[in-house]
Protein chains: 2
Amino acid sequence: MPRAGLDPAAVVAAGAALADEVGVAQLTMGSLAERLGVRTPSLYKHVGGQEDLTRRIAVLALGEAADAVGRAVQGYAGRDALGAAARAFRDFVLAHPGRYAATVGMESTGPDDPLAAAGERLLGAFMAVLRGYDLPDSETVHALRMLRSLFHGFATLQSASGFRWSADIDESFAWLVAFADRGLRAASRAADGPPPPGQP
Amino acid sequence: MPRAGLDPAAVVAAGAALADEVGVAQLTMGSLAERLGVRTPSLYKHVGGQEDLTRRIAVLALGEAADAVGRAVQGYAGRDALGAAARAFRDFVLAHPGRYAATVGMESTGPDDPLAAAGERLLGAFMAVLRGYDLPDSETVHALRMLRSLFHGFATLQSASGFRWSADIDESFAWLVAFADRGLRAASRAADGPPPPGQP
DNA sequence: GCTAAAAGCTAACGCCATTAACCAGAGCTG
DNA sequence: CAGCTCTGGTTAATGGCGTTAGCTTTTAGC
């Protein structure tokens with residue numbers, strides 16, 4: 001009975017890959033064990049159970065997304081940084097729909113939860129983008145939430161085939177990024193001069 | 001053996017209510033049957049199974065959301081309509097997290113799928129909002145997708161307690177709506193004059 | 001080499017979704 | 001009013017999945 005040589009990281013990585021292939025809802029302990037050439041109960045030597053497994057997959061996904069966005073942003077600022085970050089994030093979600101889906105609805109249990117740290121890193125990558133638009137400090141958190149909502153929403157909807165109409169999705173995404181860029185530049189200008197009027 | 005007097009609509013309504021209480025992932029046929037004072041297999045006389053049940057819950061949720069947004073928008077235009085629609089949508093998702101969660105990742109099987117019709121109605125409600133900003137026709141679909149991504153993303157993230165920091169979430173939402181409004185007004189102005197320059 | 005922890009296995013349990021087969025009651029029909 | 005039938009309920013059974021318990025074998029450290 002040769003050993004398979006598994007460890008938690010290998011199990012989580014295989015689980016994430018399988019989730020990308022079949023969807024996180026169809027990720028079953030049995031199928032993952034089969035993929036790893038092992039019997040189902042053996043997995044419990046490495047992860048606490050299904051809940052723990054998807055949690056670790058979510059941590060992995062957030063970390064990878066943070067890396068991808070952070071890497072894409074390097075050397076760019078302003079609109080270019082925003083575009084690069086947006087593209088990197090969306091590409092990641094589309095390339096890894098299962099592991100990203102594992103992150104939605106995942107709540108961090110405490111301040112020392114690795115999930116919280118991974119989330120912070122991803123937020124930090126977007127924060128770096130915002131630094132290129134010199135927003136008032138009071139608005140940074142709002143802008144961050146806006147970007148997160150926008151990109152998370154778009155990626156989630158596209159990943160779920162939520163856009164029925166056949167209009168070009170890449171074109172919509174580019175429009176959306178340009179929209180966010182214009183808005184952020186306007187908001188940064190508002191820090192210098194008077195804010196844009198409420199009624200044109 | 002007195003009859004419970006169930007019908008598909010009653011089962012779906014009870015399922016949606018239960019999903020709101022315990023989350024769509026914990027919505028089990030057994031718990032729903034117990035809630036209805038009936039044995040589990042009896043549910044199969046009214047719905048085709050769990051897949052069919054959550055599908056019907058999603059249709060119900062989309063229809064209710066469309067009603068709520070459509071009602072909120074009545075009599076308003078422009079920024080007021082956008083704010084009313086945004087508020088109505090978010091309130092709905094937060095009040096009914098379970099049934100809304102049933103809609104994500106739900107793909108309509110064909111053109112005569114009731115799910116498609118319900119989705120169209122919700123989109124139509126947001127389309128009415130966009131009519132207040134006279135965008136070029138070519139941009140309407142992009143703007144629609146932007147609004148959908150933005151609101152879906154925000155509501156989903158908040159519903160999942162995804163915003164860790166304590167900064168006021170209502171304030172962020174108001175900022176986000178104002179941001180979208182400014183951007184849409186700029187886009188409508190772009191239809192008249194030249195578009196805003198790429199580099200300031 | 002010996003020992004002990006780690007990593008695998010089989011067996012068993014319980015929950016859940018689903019199906020089959022059966023039964024009672026309500027309403028229509030004669 | 002008697003009876004038939006359709007409907008909405010029932011119990012029983014099946015199969016899949018997650019999980020736990022207990023055993024065994026390999027590996028690593030002394």
Side-chain angles (χ1 to χ4, degrees), chain A residues 1-60 98-99 101-107 109, chain B residues 1-60 98-99 101-107 109:
Chain A
M1 174 183 324
R3 295 249 171 143
L6 295 181
D7 56 22
V11 171
V12 171
L18 189 53
D20 288 339
E21 291 173 30
V22 304
V24 68
Q26 327 299 329
L27 172 61
T28 177
M29 297 296 272
S31 60
L32 177 55
E34 190 183 17
R35 166 74 58 107
L36 289 166
V38 106
R39 302 294 183 159
T40 306
S42 306
L43 299 180
Y44 290 81
K45 292 290 161 80
H46 305 291
V47 296
Q50 202 167 39
E51 172 71 22
D52 180 51
L53 174 65
T54 64
R55 198 175 191 74
R56 288 172 189 246
I57 291 175
V59 173
L60 175 70
R99 74 235 275 149
T103 69
V104 322
M106 191 68 72
E107 207 167 338
T109 59
Chain B
M1 178 180 321
R3 297 259 170 131
L6 295 180
D7 56 23
V11 171
V12 171
L18 189 53
D20 288 339
E21 292 173 31
V22 303
V24 69
Q26 328 298 330
L27 173 61
T28 179
M29 298 296 272
S31 58
L32 178 55
E34 190 183 20
R35 166 74 58 107
L36 289 166
V38 107
R39 303 293 183 158
T40 306
S42 306
L43 298 180
Y44 291 79
K45 292 294 163 81
H46 305 292
V47 296
Q50 202 166 38
E51 173 71 22
D52 180 51
L53 173 65
T54 63
R55 198 175 189 73
R56 288 172 189 245
I57 291 176
V59 173
L60 176 69
R99 75 237 273 147
T103 69
V104 322
M106 191 67 74
E107 209 167 335
T109 59

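Chain A is the first sequence line, chain B the second, and so forth, proteins listed ahead of strands; every chain is numbered from 1. Note that the coordinates shown come from a computational prediction; the quantities given were computed from them, not determined experimentally.
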Length of the line joining D7(A):CG and dA6(C):P, which is rounded to integer Å: 14 Å

Value in whole Å for how far the P atom of dC16(C) lies from CG of L53(B): 15 Å

Value in whole Å for how far the P atom of dA17(C) lies from CG of D52(B): 14 Å

Show every donor-acceptor pair shorter than 3.5 Å between a side-chain atom in residues 35-46 of chain B and any protein atom, with sequence neighbours excluded, or say none if there are none.
residue : atom : partner : partner atom : Å
R35(B)  : NH1  : E21(B)  : OE2          : 3.2
R35(B)  : NH2  : E21(B)  : OE1          : 2.8
S42(B)  : OG   : R39(B)  : O            : 3.2

Heavy-atom side-chain proximity of L53(A) to L32(A) below 4.5 angstrom: yes

Grab the N/O contacts between the protein and nucleotides 10-13 of chain C below 3.5 Å, and write none if there aren't any.
residue : atom : partner : partner atom : Å
dT10(C) : OP2  : R39(A)  : NE           : 3.4

Heavy-atom pair of closest approach, residues A102(A) and I57(A): CB-CG2, 3.9 Å

Euclidean distance, atom CG of residue L36(A) to atom C1' of dA7(C) [Å, nearest integer]: 13 Å

Distance, nearest 0.5 Å, that separates CD of Q26(A) from CG of L18(A): 10.0 Å

What pairs of donor and acceptor atoms, side-chain ones from residues 5-16 of chain B against any protein atom, are under 3.5 angstrom apart with sequence neighbours left out?
residue : atom : partner : partner atom : Å
D7(B)   : OD1  : A9(B)   : N            : 3.4
D7(B)   : OD1  : A10(B)  : N            : 2.8

Any H46(A) side-chain nitrogen or oxygen under 4.0 Å from OP1 or OP2 of dA6(C): no

Nearest-angstrom distance from the residue atom CG of L6(B) to C1' of dG25(C): 16 Å

Length of the NZ-P vector between K45(B) and dT11(D), whole Å: 13 Å

Whole angstrom value for the distance that separates C1' of dC17(D) from CD of E34(A): 14 Å

Among dT19(C), dG18(D), dG8(C), the nucleotide that comes nearest once only the side chain of Y44(A) is considered: dG18(D)

